[in-house]
Amino acid sequence: MTVRSVVYSADGTTDYTDLAEARGADGTTWVRVSDGTPAELDRVAETFGIHPLSVEDVRNDVRPKTEEFDDHTFVLLKTASLRRGETTFEEEIRTRNVGLFVGDDWIVSLSTHDLSAVERVWGMVESEEGRLLRQGADFAVYRIVDAVVDDYFEVLDQIEDQIEAVEDDVTTAADIDTLEVINNVRRELLSFRKLLWPTREAAGSLARGDPDQIQESTEKYFRDVYDHLVQLVDLTETYRDLASGARDIYLNSLSLSTNEVMKRLTVVATVVLPLTFVVGVYGMNFEGSPYNMPELGWTYGYPAVMVGMLGVTVVLVAYFRRSGYV
């Protein structure tokens, strides 16, 4: 079923198939819609006086927010999970919208997919958890919001594991794949930060008790969720700094490696240069002129030149070794 409704109170829970009957029943009414058809969404919206634009917000890519209406409050959140193997910015973090409409004694949850955060709280109601049944509709909303935020920590833990692996790689055997992983982590953190900021604003409105549907006794719970979101934002900024630091370490390591290669090439070029000069000079073996080099006719001329070149090579290599170049 895509539309389910239950009415709960301290005495227990009762399932309903008729939405109007469920809303009029004593207790707290919760209507849960997962991937509902347009007709089902229209029926739910008409029964509870939900504006069609709010329903569209749930179905579209709209940033998290809290909106107050005359008889209810609309809270739009996004669940998050890390998507592996993607390279585009928008696809690093997979998000699913969940819309929570809370009245004085009713809740409507809308989502385009079955979401674990909603499933967990719905299961608490079905199992008749005493504390949840005794509280009002706003407390159930708190439980859902808290479950969504708890899942954010799992995403951040996965990103932290990636950062730790990258930090090990850049200090051992950094290669081009390491740089790609670093860039992926930075995109994930940017995408996650883009999600956290509006979610914190939405939770802040609930923590202050701005909506009339949020009881004063429930505000402290939403303040706890707000504190968790502040912590998540701080951790995200810290991990962004760590990822940037890992990238700097990688680039410095690459630069040092390039410098080492250049030093060795410089040594080779310095050694070869005088040898090239010598063989170039003795390659000019002109004949029939009094100005020709007399040693060209010397019996030991060739061995003498080779020994001299070897001596130059030994002297230069010894000098570079003593200077610390090789």
For residues 5-41, which residue pairs qualify under ring-ring contact (aromatic ring centres under 6.0 Å, His included), counting only residues two or more places apart or in two chains? Trp30-Trp122
Sequence-distant partners of Tyr226, ring-ring contact (aromatic ring centres under 6.0 Å, His included), two or more places apart: none
Show me the pairs that pass salt bridge (Lys or Arg N to Asp or Glu O under 4.0 Å) and involve residues 116-140, at least two apart or across chains. Arg4-Glu126, Arg32-Glu119, Arg120-Asp151, Glu129-Arg143
CD-CG distance between Gln158 and Asp161, expressed to the nearest 0.5 angstrom: 7.5 Å
N/O donor-acceptor pair under 3.5 Å between Arg200 side chain and Val233 backbone: no
Inspect the surroundings of CG in Asp234 and state if more than 12 heavy atoms from other residues, nucleotides or ligands are less than 6.0 Å away. yes
All pairs passing salt bridge (Lys or Arg N to Asp or Glu O under 4.0 Å) where residues 38-62 contributes a residue, at least two apart: Asp57-Lys65, Asp61-Lys78
With sequence neighbours left out, which residue pairs that include part of residues 207-219 fulfil the salt bridge (Lys or Arg N to Asp or Glu O under 4.0 Å) condition? Arg208-Asp210, Glu219-Arg223
With side chains defined as the heavy atoms from C-beta onward, is the minimum distance between Phe48 and Phe101 less than 4.5 Å? no
Say you draw a straight line from CG of Leu232 to CH2 of Trp197; how long is it, rounded to the nearest 0.5 Å? 12.5 Å
Among all residues two or more places apart in sequence or in another chain, which pass the salt bridge (Lys or Arg N to Asp or Glu O under 4.0 Å) test with Glu201? Arg63
Phe139/Tyr221 aromatic ring centres below 6.0 Å: yes
Find out whether Glu180 and Asn183 are in side-chain contact, i.e. whether some heavy atom of one side chain is under 4.5 Å from a heavy atom of the other. no
